[in-house]
There are 2 protein chains.
Amino acid sequence: MARPRTPLLSRERIVAAALRLIDDEGLDALSTRRLATELSVSGPSLYNHFATKDDLLDAVVDSVIGEVDLSMFGAAAGAVGDAGAAGSTGSTGGAWPQALRDWARSYRAALAAHPNIVPVLAQGPGRRPNALRLADAVFGHLVESGWPRGQATRIGALMRYFVTGSALASFAAGFPADAEVYDAADYPHLGEAHRLAGHRGTVDEGAFETGLEALLDGLALRYARLAERP
Amino acid sequence: MARPRTPLLSRERIVAAALRLIDDEGLDALSTRRLATELSVSGPSLYNHFATKDDLLDAVVDSVIGEVDLSMFGAAAGAVGDAGAAGSTGSTGGAWPQALRDWARSYRAALAAHPNIVPVLAQGPGRRPNALRLADAVFGHLVESGWPRGQATRIGALMRYFVTGSALASFAAGFPADAEVYDAADYPHLGEAHRLAGHRGTVDEGAFETGLEALLDGLALRYARLAERP
DNA sequence: ACCTGAACACCGTTCAAGT
DNA sequence: ACCTGAACACCGTTCAAGT
């Protein structure tokens, strides 16, 4: 068979299969030949839909970012000259911590569902539309909440540091469950570390929530100082 | 030539060359054949010193972690039953935020010097001695400063999230310097984003410092609450 | 336009052979 | 013990050929 009447592949089908492969077997398991086999086509077929493997990865990454909820940024993310906010900084100012909290949780959930692709995604938005939309929404909301532009940039960055770091890999699962690893002579305080992996979910969730609330508290202190000396 | 009188390779030489290659050309550029060429030997020679490529990567990662300063954790990291601290939690309690600050800066500096290897390193300590020593020192210091063990674990985790996230990739450099990318219709607040890459160093440094201080402030609030209700 | 097989320059790793 | 070349089963990508 050469060209079929209805195409065997589509960008969507390829992206979905690639993400599944990455999730199940890791980034290294994604080869164009393996992916093609998974899709019951020959290797070079993929090049009718993506110029390179990197282009394909970009599409996979942006599909993951597209899962992040941005609705909490409301008017700030959508049309600019909207009803309530209207230029002034005072009225909606109090809402930013809750918006940031909701967004961070959704952001982390989307990434943590696909940890193997986080290293790619962490390289920045590049030219990927969903990633740029996300950056735009966060920055816009912070500025319209009264944060100076320079501070808003830094907050967008530091939130991304924290969220990507937390989704990149499980902290708890990084400690071998084998108790023999933790020789008391070398690591006097890690006597219980072999239990961490077993509590993977709660440890990582607890660390994320503690860090998120600590960050928001720390930022609220700085926000209050903005009003004091304008 | 088969076996030379003095070995051509050593683990140290291989690790150093591998790290240089990763730094200069990225993780994908590290192939055993390419690395062997760089070291003027044939590909399979490396297998006399490392069982697999993953083993070699482990050694590279641990050499990077070995650069992190842990001296601020002082007695807590070294011998346990030392002079001053002596079991009680009150006296040295106030020192933990400064120790955490100094450590986080050294940790980030060590990782940010080799961003291309951070994804590997973020998988956790595994069985790498320097990574386990680091985890031991942080956890031990927090516990001896009066933090409950569960909280100390979470703080170790969240600090690692933040530091690895900040070292994984430059936030600023992730935004293309090409102004055409930021169509005002799609991204109304990113009109200046094309300048970010040019201020890479200051943006990332500022975001890291802001996030670090916010985290420490937030944690200090929680530490104060520990004393209130014991 | 969209698929195929053949081909090119790569990979990680094993293994027998050399000293 | 430590290096080599040959070999195996893989890669990403190009390209001419098919419909």
Side-chain angles (χ1 to χ4, degrees), chain A residues 1-62 116-117 119-121 123 126 128, chain B residues 1-62 116-117 119-121 123 126 128:
Chain A
M1 160 189 44
R3 174 162 111 95
R5 343 164 117 247
T6 61
L8 298 173
L9 296 176
S10 68
R11 287 176 63 99
E12 291 68 29
R13 269 198 70 215
I14 297 170
V15 165
L19 183 56
R20 207 178 317 125
L21 198 47
I22 291 169
D23 285 345
D24 292 349
E25 307 188 31
L27 203 52
D28 288 343
L30 180 77
S31 74
T32 56
R33 291 161 188 260
R34 171 76 191 281
L35 177 58
T37 303
E38 218 84 27
L39 290 161
S40 306
V41 296
S42 82
S45 303
L46 301 172
Y47 290 84
N48 286 295
H49 303 269
F50 293 96
T52 65
K53 186 185 173 183
D54 274 351
D55 269 23
L56 162 58
L57 262 182
D58 246 27
V60 174
V61 163
D62 215 39
N116 295 335
I117 210 178
V120 185
L121 179 153
Q123 297 304 309
R128 291 179 272 104
Chain B
M1 160 188 44
R3 173 162 111 94
R5 345 166 114 245
T6 60
L8 297 174
L9 296 175
S10 69
R11 287 176 65 97
E12 291 70 27
R13 269 197 71 216
I14 297 171
V15 165
L19 183 56
R20 207 177 317 124
L21 198 48
I22 291 168
D23 286 345
D24 292 350
E25 307 187 32
L27 202 52
D28 289 342
L30 181 77
S31 75
T32 56
R33 290 160 189 261
R34 171 76 191 281
L35 177 58
T37 304
E38 218 83 27
L39 290 162
S40 307
V41 295
S42 81
S45 304
L46 301 172
Y47 290 83
N48 286 295
H49 302 269
F50 294 97
T52 64
K53 187 186 173 183
D54 274 352
D55 269 23
L56 163 57
L57 262 182
D58 246 29
V60 174
V61 163
D62 215 39
N116 295 335
I117 210 176
V120 185
L121 178 154
Q123 298 304 311
R128 291 179 272 104

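For the numbers below, each heavy atom of this structure counts, side chains included, while hydrogens, waters and symmetry mates do not. Every chain is numbered from 1 and lettered A, B, ... according to where its sequence line falls, protein lines coming before strand lines.
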ask   = How would you list all residue pairs meeting salt bridge (Lys or Arg N to Asp or Glu O under 4.0 Å) that involve residues 15-26 of chain B, not counting sequence neighbours?
value = B/Glu25-B/Arg34
inquiry  = Base, sugar-phosphate or nothing for B/Thr32? Non-hydrogen atoms, less than 4.0 Å.
reply    = base
ask   = Think A/Ser31 has a side-chain N or O under 4.0 angstrom from the OP1 or OP2 of D/dC11?
value = yes
request  = Grab the two heavy atoms, one from B/Ala29 and one from B/Leu21, that are nearest each other, plus how far apart they are.
outcome  = O-CD2, 3.9 Å
request  = Taking A/Arg33 for its side chain and A/Ser42 for its backbone only, find out whether a donor-acceptor pair lies under 3.5 Å.
outcome  = no
query = Could you go step by step and tell me if B/Tyr47 and B/Thr32 meet the side-chain contact (heavy atoms from CB on, under 4.5 Å) rule?
reply = CA-CA 9 Å; B/Tyr47 290 83; B/Thr32 56; 3.8 Å; yes
ask   = Which residues within residues 46-60 of chain B lie with some heavy atom under 4.0 Å of an atom in DNA chain D?
value = B/Asn48, B/His49
query = Taking CZ from B/Arg13 and C1' from D/dC3, how many angstroms apart are they, rounded to a whole number?
reply = 14 Å
A/Ser40 vs A/Arg33, nearer the 5' end of DNA chain C by closest nucleotide = A/Ser40
message = Taking 4.0 Å as the cut-off, does a side-chain nitrogen or oxygen of A/Ser45 come that near to OP1 or OP2 on C/dC3?
response = no
query = Rounding to a whole Å, what distance do you find between A/Arg11:CZ and C/dA1:P?
reply = 16 Å
request  = Classify the nucleic acid contact of B/Leu30 as base, sugar-phosphate or nothing, counting any heavy atom under 4.0 Å across all strands shown.
outcome  = sugar-phosphate
query = To the nearest angstrom, how far is B/Ile14 atom CD1 from D/dC2 atom C1'?
reply = 11 Å
query = Given pairs defined as Watson-Crick or G-U wobble with both distances under 3.5 Å, what dot-bracket annotation applies to DNA chain C, with ( ) intrastrand, [ ] crossing, | other strand and . unpaired?
reply = ||.|||||...|||||.||
query = Where do B/Ala18 and B/Leu35 come nearest, in terms of heavy atoms and distance?
reply = N-CD1, 3.6 Å
ask   = Counting side-chain heavy atoms from CB outward, which of D/dT4, C/dG5, C/dC2 is closest to B/Val41?
value = D/dT4
query = Do the non-hydrogen side-chain atoms of B/Leu30 and B/Lys53 ever get within less than 4.5 Å of each other?
reply = yes
task = Could you tell me whether the side chain of A/Asn48 reaches within less than 4.5 Å of the side chain of A/Leu9, counting heavy atoms only?
result = no
inquiry  = In this structure, how many angstroms lie between the P atom of D/dT4 and the CZ atom of B/Arg3, rounded?
reply    = 13 Å
task = Find the distance A/Asp28:CG to D/dG12:P and express it as a whole number of Å.
result = 11 Å
request  = Evaluate the side-chain contact (heavy atoms from CB on, under 4.5 Å) criterion for residues A/Leu57 and A/Ile22: first the C-alpha distance (whole Å), next the side-chain angles of each, then the deciding distance (0.1 Å), finally the verdict.
outcome  = CA-CA 10 Å; A/Leu57 262 182; A/Ile22 291 169; 4.0 Å; yes
ask   = What's the closest nucleotide to the B/Pro44 side chain, out of D/dC3, C/dT14, D/dG12?
value = C/dT14
query = In this structure, which one of B/Thr52, B/Asp55, B/Leu39 forms a side chain to side chain contact (heavy atoms under 4.5 Å, CB included) with B/Leu46?
reply = B/Leu39
Rounded interatomic separation in angstrom, taking CD from A/Glu25 and P from D/dC10 = 13 Å
